[in-house]
J.: 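Before we start, here is the structure in question, set down as structure tokens.
We use all heavy atoms of the structure for the numbers below, so side chains are in, but hydrogens, waters and symmetry mates are not. Just so we're on the same page: letters track the sequence lines, and every chain starts at 1.
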Amino acid sequence: MKILEVKGLHAGYGTAEVLHDMSFDIKSGGVTSILGPNGAGKSTTFKAIFQLLNIYKGKVYLFGDDITGMATKDIFNKYNVSYVPQEDKFYPNLTVDENLETAALRTKKTKEKTKDTLKEVYDLFPRLLERKNQIAHTLSGGEKQMLAVGRGLMKSPDLLIYDEPTGGLAPVIVNIVFDIMKEITKKGTTVFLAEEKIGQSMKISKEVLLVKNGEIVFDSSKSKQKLTMKKVKSIYM
Amino acid sequence: MIDYIIYAITIACVYAIMGIMLHLQFGLCGVLNFGTAGYFAIGAYSVAILTTLMGYPFIVSVLVGAILCAIVGFLIGKPLSHLSPDFLFIVTLAFGEIVRQLATSEAWLTNGVAGIYPISNPLKFLPFYDIAYLFIVALICGALIFYSIKVRASPFGKLLIGVRDNPLISEYIGKDVAKARLTIFIFGSMIIGVAGSLYAPLLGMVNPAQFGPLVAFVAFISLMVGGKESPFGSILGSIILVFGIIYIFDFLPIPIIQDYKLVFSSVRFVVFGAILILFLRFRPKGLLKGAAL
Amino acid sequence: MILMEGVKKFFGGLKALDIDRIELGTHHVEGIIGPNGAGKSTLIKAILNVDEYEVNSGKITYQGKNLVGKKTWKIARQGIVCSPQAIQEIPSLTVEENLYLAVNKIPEKLTDPFLRTSEMVKKESEKKVEEVMHMFSLDKKCDCAGCDLSTPEKRLLNTARALLMNPKILFLDEPLAGVRGKEREVMQKFIKKAPFPIVLIEHSPDVIWNTCDYVFFMMAGSIKIHGTVNAVRKNKEVIKQYLGV
């Protein structure tokens, strides 16, 4: 089942077109990665999906519905999708617990269900449970990342869109983050991940999209060949 | 009646001179000078003290006033020239108030709250001196309008606009932003001082109460209503505000308004404030958007 | 041409720059690459001593003359020109006026209207301004740069204006972001043919590998690796960082 479809998307900032003729599908289950070095257009793609930029041409379909031109807040209210952005991932002056609770309020869940989801998130991230009353901006880099994902999971989303989670993290924490993503998919959530760490992302991904200069230059779902690091190097270097 | 009209037009020209300077400083360069009353007062008191009290020729007082304003403008402007308009607003407003307070407290110089009078018209020896005076004031006003039209088309004017629109990129392209701001600040302050000197003989007296913060506020509201980017903006704005609003109340034959004329004259500042807010919301560039030329 | 030694820049507790020793401007086109937050733009702003970017320690010299603590506009006048990130036009002026403003041959004065400075400036620089306008295809008539130009055109205006300043070295911070098609070709052609050294911050791998002669790879405020473009391209450490293997 295609949970996200992008067709012929041209988008940008003001009159500067940054994404060109982008077309791809995300099928349900597992991790799909959109990869490329800094500035290739990964975050911009996410922003375009959520209608945070100017879309000049093309369409975006979420769970089968045409969401092109829809107000961003309506997208989040209507569909069971979560977005963990690169910046502003949580409220820095609230505690871990408060951050997670506020992420659930939006979905109009009953108190009981929120409690269950909260417990699930704490089970996934025991370190957050230990620090549940700690102010968010005092957490370590890895813990902040966990909190950001935790917030995204409070909706029990069908699709989690995750923008560059491993930026600035130590290799040990990076591994933990990639493990977390595998765990999340086991519970039935599809993850759409943007990352600069191409090699590691490829290992956990079901499908891979490579982006360069705002265009998709490789789509594993449409390619007969398997993607190798050699091919990646030839594309970017 | 004729006397009154000549008087009114001369006052209007004096205010226009002030408005043109605000157009150059704020409209073109983004330099916010709320201390207009201070420079106005320095010019006016210069005439009052040097000419009326001490007998120096009028022209000398005007020159001394202008030089004083330039010096003060430099002292205040220099530390502020690399700061944003927000700081300028507070500091220049404070400056205006300080001048007024000094005029009140330094009675040995300024005769305090009582003020100095009578200040006679320097052209009094001429027949029809009031028309002659109007002619000179209007000439100065006209020259300044001409200058401001020319300056916009000149490299200096373009520099000012660049400094207003994008001071950062102006630095990147090799422009001394602080110097540009300081130059227009000093120049404007000097000419506002001259306007003050021309104003003193019209009223015949000066006292501290005339130079309160309202001077700056009315001047700026006129500027914003008329259009800060056009040299004619403040003139149009003053005509609308000063003559339009006030005289509507004087001449409307509706009995209720006539009865409450006194109340309305105090309430006019509320009206001015409301007009300013409406303009900033719906027509921030004012009536004459600046393309008037 | 520009030497940076022992340069450190902190923003509060955050170390934004930590440079042992580099020299910029010794090759025709030098590229600076690296992840977000690596300090690429900060490096350039430190050289130009932009507000709040004055370095905390170290030396920055241009042909032996010190740049630290000098005013940005003076540094620019020496020929160290930067076309910064993001759109930086003067919106109320026309394209022509934006360009003439950068020439800096005749100083602007309060007395300009009386001295007919406008005519003098035009006479002095008309040819050069028109040449540059034509080179960047900015000839079209416009009333205000802010409202009549598209974003890519504004980027070209930025660069055109920098060219008019007679640069001895030109820093371009992401000049091609969002610039496509014809405008992209114009920009790339200009970079290749410029008669002075260019230091380029760019994300597009094609631009870096095809246009630069020398590349600096930055991370966390320092230059981790630098070398000729072919050497850097094949460097295992760069590939590892760039592609996150």
Side-chain angles (χ1 to χ4, degrees), chain B residues 21 24-25 27-30 70 81-84 143-191 228-231 285 289-291 293, chain C residues 44-45 48-51 71-84 86-94 96-122 143-146 157-158 161-162 164-167 171 173:
Chain B
M21 291 304 114
L24 290 176
Q25 287 180 337
L28 284 192
C29 195
S81 49
H82 62 283
L83 294 174
S84 71
L144 287 170
I145 292 178
F146 184 71
Y147 174 79
S148 46
I149 293 172
K150 282 283 173 196
V151 109
R152 276 182 85 216
S154 79
F156 185 68
K158 311 232 168 95
L159 170 65
L160 295 181
I161 292 173
V163 165
R164 176 196 69 194
D165 278 357
N166 203 331
L168 186 59
I169 205 69
S170 299
E171 291 257 355
Y172 275 111
I173 65 177
K175 301 300 181 200
D176 190 348
V177 166
K179 182 171 167 209
R181 284 179 176 155
L182 186 60
T183 306
I184 203 68
F185 189 75
I186 293 176
F187 177 65
S189 308
M190 252 174 64
I191 305 291
K228 66 182 169 91
E229 291 182 35
S230 164
K285 285 216 163 178
K289 281 187 177 164
L293 312 165
Chain C
I44 296 182
K45 287 181 187 168
L48 274 142
N49 200 23
V50 171
D51 230 4
K71 296 229 163 55
T72 303
W73 69 270
K74 282 197 178 143
I75 295 176
R77 292 275 188 132
Q78 282 184 56
I80 299 167
V81 179
C82 170
S83 174
I87 318 301
Q88 295 275 19
E89 82 284 8
I90 292 168
S92 310
L93 299 179
T94 65
E96 225 181 31
E97 289 171 336
N98 262 280
L99 293 175
Y100 271 108
L101 200 57
V103 176
N104 291 332
K105 282 244 161 71
I106 297 170
E108 296 92 358
K109 286 196 169 58
L110 193 60
T111 47
D112 276 352
F114 308 123
L115 301 176
R116 313 189 114 216
T117 317
S118 183
E119 275 110 356
M120 278 160 56
V121 167
K122 198 149 187 200
D143 275 337
C144 74
L157 175 61
N158 223 5
R161 199 176 42 200
L164 283 167
M165 289 174 68
N166 221 358
F171 291 93
D173 196 346

J.: Under a 4.5 Å heavy-atom cutoff, which of C:Lys74, C:Glu108, C:Lys109 has the most pairs with chain B?
T.: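 Max contact count across the listed options: C:Glu108.
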
J.: As an exercise, state the distance from CG of B:Asp165 to CG of C:Asn98, rounded to the nearest 0.5 Å.
T.: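 Going from CG on B:Asp165 over to CG on C:Asn98, the span is 9.0 Å.
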
J.: What residue in B:Leu160, B:Leu159, B:Ile169 has the most heavy-atom pairs under 4.5 Å with chain C?
T.: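 Between B:Leu160, B:Leu159, B:Ile169, the count favours B:Ile169.
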
J.: Quick one, B:Ile161 and C:Glu97 - any side-chain contact, counting heavy atoms below 4.5 Å?
T.: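 They are not in contact (no side-chain heavy atoms under 4.5 Å apart), so the answer is no.
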
J.: Taking the side chain as every heavy atom from C-beta outward, state whether B:Ser154 and C:Thr117 have any pair of such atoms under 4.5 Å apart.
T.: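 Sidechains of C:Thr117 and B:Ser154: no contact.
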
J.: Could you tell me whether the side chain of B:Glu171 reaches within less than 4.5 Å of the side chain of C:Val50, counting heavy atoms only?
T.: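 C:Val50 does not reach B:Glu171 side chain to side chain.
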
J.: So, taking the atom named CG in C:Leu164 and the one named CD1 in B:Ile173, what distance separates them when rounded to the nearest 0.5 Å?
T.: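 Going from the CG atom of C:Leu164 to the CD1 atom of B:Ile173 covers 10.0 Å.
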
J.: Could you check if a side-chain atom of B:Tyr172 sits within less than 4.5 angstrom of a side-chain atom of C:Leu48, using non-hydrogen atoms only?
T.: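 Yes - at least one pair of side-chain heavy atoms lies under 4.5 Å apart.
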
J.: Minimum heavy-atom separation for C:Ser118 to B:Ala153, with atom names?
T.: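 In this case the closest contact between C:Ser118 and B:Ala153 is OG-O, 3.8 Å.
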
J.: Most heavy-atom pairs under 4.5 angstrom with chain B, which of C:Asp112, C:Ile106, C:Leu110?
T.: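 The option with the most such pairs is C:Leu110.
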
J.: Count the heavy-atom pairs under 4.5 Å between each of B:Asp176, B:Val177, B:Val151 and chain C, then report the option with the highest count.
T.: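 Highest number of pairs under 4.5 Å: B:Asp176.
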
J.: State the CZ-OG distance between B:Arg164 and C:Ser92, to the nearest 0.5 angstrom.
T.: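 So the gap between those two atoms works out to 4.5 Å.
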
J.: For B:Phe187, which residues count as a ring-ring contact (aromatic ring centres under 6.0 Å, His included) partner, sequence neighbours excluded?
T.: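 Expected list: B:Tyr147.
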
J.: Test of understanding: with side-chain hydrogen bond (donor to acceptor under 3.5 Å, both in side chains), list the residues that count as partners of C:Lys45, not counting sequence neighbours.
T.: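 Scan of C:Lys45 (side-chain hydrogen bond (donor to acceptor under 3.5 Å, both in side chains), adjacent residues dropped) gives none.
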
J.: I need the contact set between residues 178-185 of chain B and chain C: heavy-atom distance under 4.5 Å, sorted by residue number.
T.: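 Those residues of residues 178-185 of chain B which have a heavy atom under 4.5 Å from chain C are B:Thr183, B:Ile184.
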
J.: Run the side chain to side chain contact (heavy atoms under 4.5 Å, CB included) check on B:Lys175 and C:Asn104 step by step: do they pass?
T.: CA-CA 8 Å; B:Lys175 301 300 181 200; C:Asn104 291 332; 2.5 Å; yes

J.: In terms of heavy-atom pairs under 4.5 Å with chain B, which of C:Glu119, C:Arg161, C:Lys71, C:Arg116 leads?
T.: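 The answer is C:Arg161.
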
J.: Is C:Phe114 close to chain B through its backbone or its side chain, or both, or neither, when contacts mean heavy atoms under 4.5 Å?
T.: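 The side chain, not the backbone.
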
J.: Looking at C:Glu89 and B:Asn166, what are the two nearest heavy atoms and their distance?
T.: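 Reported closest heavy-atom pair: O-ND2, 3.4 Å.
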
J.: May I have the list of side-chain donor-acceptor pairs in residues 75-83 of chain C shorter than 3.5 Å, sequence neighbours left out?
T.:
residue : atom : partner  : partner atom : Å
C:Arg77 : NE   : B:Gly174 : O            : 2.6
C:Arg77 : NH2  : B:Gly174 : O            : 2.9
C:Ser83 : OG   : C:Asn158 : ND2          : 3.3

